[in-house]
Amino acid sequence: DSSKLFPLLPSPPLALSLLSLLLLTSPPLSLPLPPSSDQCNSLVHRLVLHFSSQPSPPPSHLHSPSSVISSITTGIWSMMSSTAAATQPPSPLADGAVLLLLVLTHQQMSGHNQYRRALLQFTDEHSGRKTRAPFSLNLQKLYLSLCNNLSEQTTLLLYLLLQGNPHVASFIFSRSDIDLLVVPLLHHLHGSSQQPSSAHHVYMLLIVLLIFSQDDCFNKSIHELHLQKVEWYSERSLTNISVGSLMVIVLVRTIQANISHIQVYT
């Protein structure tokens with residue numbers, strides 16, 4: 001529980017944002033091995049729960065110091081990732097949890113990174129299988145949160161889970177509603193490809209789509225799922241189009257946009 005980890009700070013969003021801010025702005029450190037793997041598991045579990053539940057801030061949050069620190073942290077992340085500063089996230093606690101989770105799982109340690117191990121080995125609480133996992137949680141809620149909150153840091157979290165956590169990867173690949181995740185990915189890719197400053201986000205989105213494309217079932221299902229209309233695609237009207245066809249169109253447009261950017265700088 002973040003209130004126990006940071007007893008002197010007034011609220012969990014402030015605690016997470018302050019720690020993320022300190023770690024993001026500090027040079028790479030070789031952190032000592034945490035006291036126990038159980039504490040690492042508990043912290044990672046709590047952070048992933050914060051993201052998957054997307055708790056709304058209290059009414060007084062917008063006028064609290066927590067809001068200011070969260071905005072500063074998000075702004076620093078945006079500057080470091082060369083993207084434009086975003087508006088205040090709908091759930092500052094969830095946003096701070098993802099930032100802290102990414103920082104902890106990428107820190108150098110004197111031994112194995114127990115935070116990273118916990119993130120890449122947790123399982124679905126509804127799987128019914130008994131495993132010696134660090135923890136388990138509701139992957140359905142996590143999946144929906146990923147679908148609805150594809151910021152740059154969330155895309156990086158999705159990449160880590162697809163690449164390193166076989167339980168999460170198999171759960172996502174088995175979804176019959178994979179369009180809930182793929183269409184927002186394409187939407188962000190289409191928007192980000194028009195902005196040279198979003199190169200890092202475009203790169204991560206393309207890598208995630210590449211991981212998806214390596215699965216035969218995915219390649220088949222995206223051509224069976226159809227969209228009545230794609231509201232965000234402004235170049236032309238797209239109606240009754242398959243998700244697979246939409247992916248091809250967006251990828252071609254991304255290639256064209258990158259070629260035009262290269263020509264501008266040459």
Side-chain angles (χ1 to χ4, degrees), residues 51-52 78 81-84 86-87 90 98 102 139-266:
F51 170 71
S52 98
S78 298
S81 57
S82 301
T83 58
T87 56
V98 172
L102 291 174
L139 290 189
Q140 172 70 12
K141 289 184 65 176
L142 176 62
Y143 174 71
L144 293 177
S145 293
L146 288 168
C147 294
N148 296 325
N149 302 276
L150 278 176
S151 61
E152 184 168 347
Q153 53 265 37
T154 307
T155 306
L156 179 55
L157 176 62
L158 174 61
Y159 164 76
L160 288 173
L161 294 174
L162 288 175
Q163 191 73 0
N165 190 315
H167 307 288
V168 176
S170 61
F171 178 87
I172 292 178
F173 281 123
S174 66
R175 302 292 302 182
S176 60
D177 57 354
I178 192 65
D179 56 306
L180 294 181
L181 180 57
V182 175
V183 174
L185 277 171
L186 295 176
H187 185 189
H188 282 274
L189 179 60
H190 178 259
S192 299
S193 63
Q194 310 302 318
Q195 305 171 7
S197 61
S198 301
H200 292 124
H201 197 193
V202 170
Y203 179 75
M204 286 192 293
L205 291 167
L206 290 172
I207 292 296
V208 169
L209 290 174
L210 178 62
I211 294 174
F212 278 131
S213 68
Q214 295 173 349
D215 185 77
D216 292 335
C217 293
F218 170 83
N219 294 328
K220 180 181 178 181
S221 64
I222 60 173
H223 289 286
E224 296 174 346
L225 295 167
H226 284 73
L227 305 171
Q228 293 300 318
K229 190 174 183 180
V230 184
E231 300 285 351
W232 46 264
Y233 194 85
S234 57
E235 283 81 352
R236 57 174 297 180
S237 177
L238 298 179
T239 57
N240 194 26
I241 184 174
S242 70
V243 176
S245 297
L246 178 61
M247 180 183 295
V248 172
I249 292 173
V250 172
L251 289 175
V252 170
R253 291 291 295 173
T254 303
I255 294 172
Q256 291 176 336
N258 278 270
I259 290 176
S260 65
H261 293 155
I262 292 173
Q263 291 174 344
V264 168
Y265 292 110
T266 56

Check each of L209, L210, I211, D216 against S213 using the side-chain contact (heavy atoms from CB on, under 4.5 Å) test, and report the only one that passes. L210
Of all the heavy-atom pairs spanning K229 and T239, show the shortest one and how long it is. CG-CG2, 4.2 Å
Minimum heavy-atom distance S145-N149, with the two atoms named: O-ND2, 2.9 Å
Go through Y233 and H187 one step at a time and tell me if the side chain to side chain contact (heavy atoms under 4.5 Å, CB included) criterion holds. CA-CA 8 Å; Y233 194 85; H187 185 189; over 6 Å; no
Do I222 and S242 have side chains that approach each other closer than 4.5 Å (heavy atoms only, starting at C-beta)? no
Atom CG of D215 and atom OG of S170: how far apart are they, to the nearest 0.5 Å? 10.5 Å
Give me the atom names and distance for the closest heavy-atom approach of L139 to F171. O-CE2, 3.5 Å
So which heavy atom on I249 is nearest to which on L238, and how close? CD1-CD2, 4.1 Å
From CG (L160) to CE (M204), nearest 0.5 Å: 9.5 Å
Show your working on side chain to side chain contact (heavy atoms under 4.5 Å, CB included) between I178 and F173 and close with a plain yes or no. CA-CA 8 Å; I178 192 65; F173 281 123; 6.0 Å; no
With a 4.5 Å cut-off on side-chain heavy atoms, are L251 and L206 touching? yes
Closest non-hydrogen atom pair, Y143 against L180: OH-CB, 4.1 Å
Output yes when a side-chain donor or acceptor of N165 lies under 3.5 Å from a complementary backbone atom of V168, and no otherwise. yes
When rounded to the nearest 0.5 angstrom, what distance separates CD1 in I172 from CZ in F218? 11.0 Å
Side chains of E235 and H190: do they bring a donor and an acceptor to under 3.5 Å? yes
Are the side chain of S245 and the backbone of I241 linked by a donor-acceptor contact shorter than 3.5 Å? no
How many angstroms lie between atom CH2 of W232 and atom CG of L186, to the nearest 0.5 angstrom? 5.5 Å
Show your reasoning for whether side chain to side chain contact (heavy atoms under 4.5 Å, CB included) applies to L142 and L161. CA-CA 11 Å; L142 176 62; L161 294 174; 4.3 Å; yes
Taking every non-hydrogen atom, the tightest pair across Q153 and L102: O-CD1, 3.4 Å
At what distance, to the nearest 0.5 angstrom, does CG of L225 lie from CG of D177? 8.5 Å
Please report the interatomic distance CG(L157) to CG(L146), rounded to the nearest 0.5 Å. 6.0 Å
We want to know whether H201 and T155 form a side-chain donor-acceptor pair, criterion being a heavy-atom distance below 3.5 angstrom. yes
I want to check something: taking the side chain as every heavy atom from C-beta on, are L205 and L150 in contact at a cut-off of under 4.5 Å? no
Residue pair V182 / M247, side-chain heavy-atom distance below 4.5 Å: yes
Are side-chain heavy atoms of T154 and F51 found at a separation under 4.5 Å? yes
